[in-house]
Amino acid sequence: MRFTPTPIAGAFVLDLEKRSDERGFFARVWCQRELEEHGLNASFVQCNTSFSDERGTLRGLHYQTAPYGEAKLIGCTRGRVFDAIVDVRPDSPSYLQSFGIELTDENRSMVYVPEGCAHGYLTLADDCEVVYPVTQFYQPRAEAGLRWNDPVVSIAWPEIPRIVSPKDQAWPDYERAPLTGRPTK
């Protein structure tokens with residue numbers, strides 16, 4: 001696997017090292033030893049998948065608060081998505097910075113999202129599937145988020161989302177309610 005650092009401290013783009021032959025290719029999706037050699041948490045406890053029918057569907061920006069912060073390894077197994085990370089760790093050198101990248105079923109790139117970073121993605125095609133192992137079990141009371149268009153983080157989304165869940169639309173502005181859990185009305 002090839003690890004490319006991003007502007008977000010502790011976040012990496014991972015690219016497969018494919019071994020190809022007449023059948024196609026083989027590659028490791030992740031390796032505990034290689035992740036740990038890069039100082040990353042490789043203790044995945046569950047693997048999630050999400051499927052979106054329509055282009056323009058936005059999911060996120062989500063994270064879990066301490067002590068339930070989770071790292072994620074995001075990959076797009078079908079379609080195309082614009083994947084975004086926002087650093088919400090006040091002590092981080094990349095605090096409130098964002099990073100975005102296109103993940104597709106063709107480039108097979110993945111993004112390692114460290115604990116304390118909000119994550120979301122926008123589908124750029126119909127019928128998109130994203131798969132991601134996480135290092136913590138879901139804790140409803142630790143659920144937190146940022147609104148996709150929060151002016152404090154200014155993510156450069158490649159297009160305006162058409163479908164956003166009511167919950168994701170309701171996350172408060174970061175300045176008004178930093179690092180809080182459930183959305184306020």
Side-chain angles (χ1 to χ4, degrees), residues 6 8 11 13 44-90 95-105 107 109-185:
T6 73
I8 306 297
V13 174
F44 298 115
V45 298
Q46 71 183 41
C47 188
N48 304 320
T49 186
S50 65
F51 180 83
S52 300
D53 289 317
E54 294 184 40
R55 178 184 184 141
T57 300
L58 186 126
R59 294 178 182 262
L61 300 157
H62 307 139
Y63 62 102
Q64 289 194 160
T65 58
Y68 302 104
E70 62 184 354
K72 303 174 182 180
L73 183 58
I74 312 297
C76 179
T77 56
R78 183 174 178 183
R80 295 175 38 232
V81 301
F82 180 81
D83 197 79
I85 305 169
V86 177
D87 190 341
V88 292
R89 302 168 292 181
Y95 180 55
L96 294 182
Q97 291 181 28
S98 64
F99 170 76
I101 186 171
E102 189 172 308
L103 304 177
T104 73
D105 58 4
N107 69 22
S109 293
M110 296 175 293
V111 175
Y112 182 90
V113 180
E115 296 92 342
C117 288
H119 169 261
Y121 65 88
L122 174 67
T123 61
L124 301 176
D126 291 339
D127 301 325
C128 290
E129 183 174 36
V130 172
V131 175
Y132 55 101
V134 295
T135 60
Q136 279 286 346
F137 296 106
Y138 173 67
Q139 295 291 333
R141 69 180 184 274
E143 182 180 39
L146 299 174
R147 204 175 56 258
W148 68 274
N149 60 351
D150 188 318
V152 171
V153 293
S154 301
I155 296 171
W157 298 101
E159 56 189 62
I160 302 295
R162 293 185 309 102
I163 302 169
V164 182
S165 74
K167 181 173 100 174
D168 287 346
Q169 290 179 40
W171 292 117
D173 284 342
Y174 187 82
E175 287 182 315
R176 188 167 40 114
L179 298 176
T180 60
R182 299 230 174 252
T184 58
K185 298 221 177 202

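The figures that follow rest on heavy atoms only: side chains count, while hydrogens, waters and symmetry mates do not. Quick caveat, the model's predicted, so the values are computed rather than measured.
Relative orientation of the Tyr132 and His119 rings is tilted, given thresholds of 30° and 60° on the angle between their planes.
The shortest side-chain heavy-atom distance between Phe51 and Arg78 falls under the 4.5 Å cut-off.
With rounding to the nearest 0.5 angstrom, the OG1 atom of Thr65 is 10.5 Å from the CD atom of Glu70. Atom-to-atom distance recorded for Thr123:OG1 and Glu159:CD is 7.5 Å, nearest 0.5 angstrom. With values rounded to the nearest 0.5 angstrom, Phe137 atom CZ is found 11.0 Å from Gln64 atom CD. Rounded to the nearest 0.5 Å, atoms CD1 (Ile85) and CD (Gln97) are 11.5 Å apart. To the nearest 0.5 angstrom, Leu58 atom CG is 5.5 Å from Leu122 atom CG. Atom CG of Asp126 is separated from atom CG of Asp53 by 8.0 Å, given to the nearest 0.5 angstrom.
Cys117 and Tyr63 make their closest contact through O-CB, 3.5 Å (heavy atoms, listed as atom of the first residue, atom of the second, distance). The nearest pair of heavy atoms linking Glu102 to Leu124 is OE1-CD1, 3.6 Å. Of all heavy-atom pairs between Arg80 and Cys128, the closest is O-SG, 3.3 Å. Listed here is the closest heavy atom pair of Gly60 and Asp168: N-OD2, 3.0 Å. Scanning all heavy atoms of the two residues, the minimum distance from Gly69 to Thr135 falls at O-OG1, 4.4 Å. Between Trp148 and Trp157, the shortest heavy-atom contact is O-NE1, 2.9 Å.
A donor-acceptor pair is defined here as one N or O able to donate and one able to accept, closer than 3.5 Å; no such pair exists between the side chain of Asp150 and the backbone of Arg147. Under a 3.5 Å cut-off, the side chain of Ser98 and the backbone N or O of Ile155 do not form any donor-acceptor pair.
The side chain to side chain contact (heavy atoms under 4.5 Å, CB included) test with Val134 singles out one residue from Val113, Asn48, Ile74, and that residue is Asn48.
Legend: residues meeting ring pair (Phe, Tyr, Trp, His ring centres under 6.0 Å) with Phe99, ordered by chain and number and at least two apart, are absent. For Tyr68, there are no ring pair (Phe, Tyr, Trp, His ring centres under 6.0 Å) partners two or more places apart in sequence or in a different chain.
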For this session: Take Thr77 and Asp105 through the side-chain contact (heavy atoms from CB on, under 4.5 Å) test and state the conclusion after the steps.
Result: CA-CA 5 Å; Thr77 56; Asp105 58 4; 5.9 Å; no
Problem set entry | Verdict with reasoning, Tyr121 to Ser50, per side-chain contact (heavy atoms from CB on, under 4.5 Å) | CA-CA 11 Å; Tyr121 65 88; Ser50 65; 2.3 Å; yes
